[in-house]
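Letters A, B, ... mirror the listed sequences (proteins, then strands); counts begin at 1.
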Amino acid sequence: MVVRNAHNDVTEWDGEESGVEQEPELIARTADELVGDLNKQQSEAVQYRGAALLIGAGAGSGKTRVLTRRIAWILSQFGAWPSQILAITFTNKAAAEMRERLTALIGPVAQRMWVSTFHSACVRILRRDGKALGLKSGFSIYDSADSERLVKIIATEFNVDVKRYTPRSILGRISDYKNQLIGWRAQLAAYAPDFKPGSRNYRISKFDNVEELYAIIYAEYEHRLAMANAVDFDDLIVRTVELLRDHPDVADYYRHKFRYILVDEYQDTNHAQYVLIRELAGVDAGETPAPTATAAGRQGPAWVTVVGDSDQSIYAFRGADIRNIQDFEEDFPNAKTILLEQNYRSTQTILDAANAVISHNEGRKPKKLWTAVGKGEPIVGYAADNAQQEAVWVASEIARLHAEDGVAYSDMAIMYRANAQSRSLEEALINAGLPYQLIGGTKFYERKEIKDALAYLQAILNPADDVNLRRILNVPKRGLGARAESIVLEYARERGTSFFDALMHMEQIEDMPTRTAKGLKAFRDLMASMSAFARANINKPSDIVAEVLAKSGLLEELQKSVDPQDQSRVENLSQLQSTAAEYEQNTPDATLGGFLETTALVADSDQLPNGNEDSGKVTMMTLHTAKGLEYPVVFLTGLEQGTFPHSRSLEDTAELSEERRLAYVGITRAKRRLYITRAAVRAQWGQANEMLPSQFLEEIPDELIDWKRRETGSERMRTGWGDGDEFGGWDDEDDFSSGPTFGTASYGSYGSSHGSAYGSGSTGRWGSAAHRSNGSRSGSTYGSGRSSGTYGSSSRYGSHSSGTRGGRISTRHVTPKSGGTSMPVSSLQKDNGLNIGDFSIGDYVTHDQYGLGKVVDLQDKGRNSVITIDFGSDGVKRLMLRVAPIEKL
DNA sequence: GGTAAAAGACTTTTT
DNA sequence: GTCTTTTACC
């Protein structure tokens, strides 16, 4: 193993040198390697010595870079062990990226570090120490659908009017309680002291106090979760906090283990997560550090570094509390704040727009992003008559950029507020023959067939899991309907045991129809046999998946079906099989439980190809999913009052502020070119609505925008712009109206008039979804029959290895199902997605072959940009950026 | 208990 | 316009 130090020049590190796995050694980096190429603030943040550091990192300010360098700094300069570091992100993708960059920086030891999401870190803790809370091994993690199911079961039992109090809204309230660390005992004591969780036949009689209703369902929900040996998403955090608070020995262990805690996207933490950090760090544990400490040492609270940008807080709806970051300096003693305001991503024009929009938010700390990149091109605006036309224009602009300017499809992204907006855009791209990938929508692991298969696995692993067991009782159909279920359930409730227990003792149930008894026995035997198989092969999850798919009849039922949608379901199941095989291959100590965990904690954004991969496709996603990403060209669509900002946020200042931050996030995703579009008429759930321009458009200084079409046809006629008599304006596309300021009637006041006009509108002309093939939006078999040739080589990239987890990427291409072996992505790459604008002279990079190098020259030739790198002993090389196997450090 | 047709709800954003 | 849930009938 090669160690780098101050006097070694760059040394070759040949990853293939040893067949035997060794204890990976830490690559020690010199101070100059870690901060030599950083700006003053970045460098200060990397080196800061102190117990609490807040890095206020504006969009594109090199946040991840600072974070990874700081970790390397702590290791090499503070003398910390890799095992003493806990780095937390929100998404798996961010965690994977950080780990990857750390590996490049400090070597393979990074693979073993705690670099993970809040949720998976907590799972890890709970798996190890959850026994103290009564969690048995193999506990289930309920996703929101499972939780909703459970709430619905409870609410129905309690005779709650689920039309009025939907399971979702009840669950939302429960989630709020949890995020605030308000326990069910407290709620029960306050609002329903007479209720005992688990007691039968309790009826909520009076509805004059909704708090009582919530308190009771909350308590019962928690009770059932405990019975089922299950936790929900929020519990992962909450129960870990509980563990640390109530079990000093456990808390002690982690407090002395993690001496440095780093949290990314701190503005998105909720109260529970905030407390978790405090507990883990031992801020309130009362230990005092050695007075002369220059590092976290062994005693006293761990050193906490948080990185965030309050202007990018967009998850308040999920409980994120912006005060966590705003109050950091008061919350953590002797906290230091360092602001990173230099942006390395976008042009000044784009930043000016972002700054202008965000400045309309009240009560924020002023912050101004700036860049050395230069002014760049103006923002391009377009006002369409309707959503379809907007989509067609976006598609044509993408085609033009690709053809005329050589912009790679993968360098362009279309963003929108809500998933529902993707439809018309998708259609336009299909019609234009443009390759795309859509992120989000119905997630892979939320599909029915996948959830069914996972329910079997979960029930095998954790028989007490009532929700999953009951889910599969009659899936596939085996003649065990509501009646059979209720017989078993009744017995279970009488005896206060689980559904599983009741099933095991079904012989004692009286008055059971023979047919039902037969069916139940068959089901029980099936589960028993699969369970035996699983026990015998517990570290071969892919074999267990295969067994379940075959024995359960899930696969058979779908294969027999004539419904074309079921065909794609079969494919999805086979993909699940591949994912399991992949997991098994990549995980040394693979278990069924471990596999289920990976399926439980995935997000849409995890589905995105990371950095250096060129998907060859335009990316479409919601603004929320886009956070943390960047693209040379960004289309921000649907800038209308009611669409964006969303209608539900128009009346509330706080919510409107969040929408504005979302706009800020969207704008700052763009590196070179930003497009903003809107539609005058947009159909939502079948109805065409007339939409006013988004107020955010008005907040962008007019001189920054080059309007290709400023007003729509109908607006011009109404406002008398041009000649009233003429039918001017109905012609679309190349209408380069360059009129003076246009803020007349239609741009006047937004507030109250929104949504009042219901245009009979001209929608529909652009064709309805006639050719959407099978109604399934799953995409895997999406219109495979039509003209696949048009889509170039993108099929080769279809669903590559890293793309089998979570979320959906739909493309027009059928994923080639060749056994599930993953192809090495690198060999397929034609374009690594790197951008010349991201490099500056003096940057360090690693090359797959030559190792570490320093950038000495850059030639911006668009797609053919050349980067010149000094690799020390290997000489100075000129490389074509787009194909160079390099990574920026 | 299973199937098909009809009604109804739904859209923010997600770990 | 789509997806889920309810209802009517076999």
Tell me the interatomic distance from [X], atom [atom1], to [N], atom [atom2], rounded to whole angstroms.
| X | N | atom1 | atom2 | value |
| --- | --- | --- | --- | --- |
| A:F90 | B:dT13 | CZ | P | 19 Å |
| A:K627 | B:dT15 | NZ | P | 11 Å |
| A:E148 | B:dT14 | CD | P | 15 Å |
| A:E446 | C:dC3 | CD | P | 14 Å |
| A:F118 | B:dT14 | CZ | C1' | 15 Å |
| A:D234 | B:dT14 | CG | P | 16 Å |
| A:D268 | B:dT13 | CG | C1' | 12 Å |
| A:D146 | B:dT14 | CG | C1' | 15 Å |

**OP:** Let me see the working for A:F317 and A:H624 under ring-ring contact (aromatic ring centres under 6.0 Å, His included), right down to the final yes or no.
**Re:** CA-CA 12 Å; A:F317 72 92; A:H624 281 86; 5.6 Å; yes
Original post:
Regarding A:R173 and the six-membered ring of A:Y165, is the cationic atom NZ or CZ under 6.0 Å from the ring centre and inside 45° of its axis?
Top reply: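 Relative to the ring axis of A:Y165, which defines the angle, A:R173 lies outside at least one limit.
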Original post:
So is A:R661 actually on top of A:Y664's ring, under 6.0 Å and inside 45° of the axis?
Top reply: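 Checked: cation-pi criterion not met.
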Original post:
Which word best sums up how the rings of A:Y177 and A:Y218 line up, parallel for under 30°, tilted for 30 to 60°, or perpendicular for over 60°?
Top reply: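 Plane angle under 30°, so parallel.
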Original post:
Between A:F696 and A:F644, how do the two ring planes meet: parallel, tilted or perpendicular, split at 30° and 60°?
Top reply: perpendicular
Would you tell me if any nitrogen or oxygen in the side chain of [X] comes within less than 4.0 Å of OP1 or OP2 on [N]?
| X | N | result |
| --- | --- | --- |
| A:K443 | B:dT15 | yes |
| A:T622 | B:dT14 | yes |
| A:T625 | B:dT13 | no |

Original post:
If the sugar-phosphate is the primed atoms plus P, OP1 and OP2 and the base is the rest, what is the B/S/- string for nucleotides 1-7 of chain B, using protein heavy atoms under 4.0 Å?
Top reply: SSS----
Does the [X] side chain pair with the main chain of [Y], one donor and one acceptor, at a distance under 3.5 Å?
| X | Y | result |
| --- | --- | --- |
| A:D234 | A:K178 | no |
| A:S649 | A:L656 | no |
| A:D143 | A:A600 | no |
| A:S120 | A:S116 | no |
| A:E390 | A:G638 | yes |
| A:R239 | A:L126 | no |

Original post:
How would you label the contact of A:Y315 with the nucleic acid (heavy atoms, under 4.0 Å): base, sugar-phosphate, or nothing?
Top reply: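 Sugar-phosphate only.
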Original post:
Which part of the nucleic acid, if any, lies within reach of A:F317 when heavy atoms closer than 4.0 Å are counted: base, sugar-phosphate only, or nothing?
Top reply: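 Counting heavy atoms under 4.0 Å across all strands, the contact made by A:F317 includes a base.
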Original post:
Using Watson-Crick pairs (N1 to N3, plus N6-O4 or O6-N4) and G-U wobble pairs, both distances under 3.5 Å, which stems of at least 3 pairs involve DNA chain B?
Top reply: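 Ordered by first number, the stems with DNA chain B (at least 3 consecutive pairs each) read B:1-10 with C:1-10.
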**OP:** Report yes if some heavy atom in the side chain of A:L276 is under 4.5 Å from a heavy atom in the side chain of A:F118; otherwise report no.
**Re:** yes
Kindly give the atom pairs (protein nitrogen or oxygen, nucleotide nitrogen or oxygen) under 3.5 Å for nucleotides 8-11 of chain B.
from: B:dT11; atom 1: OP2; to: A:R168; atom 2: NH1; distance (Å): 2.9

Subject >> Which residue lies more 5' along DNA chain B, comparing A:H119 with A:E659 via nearest heavy atoms >> reply: A:E659
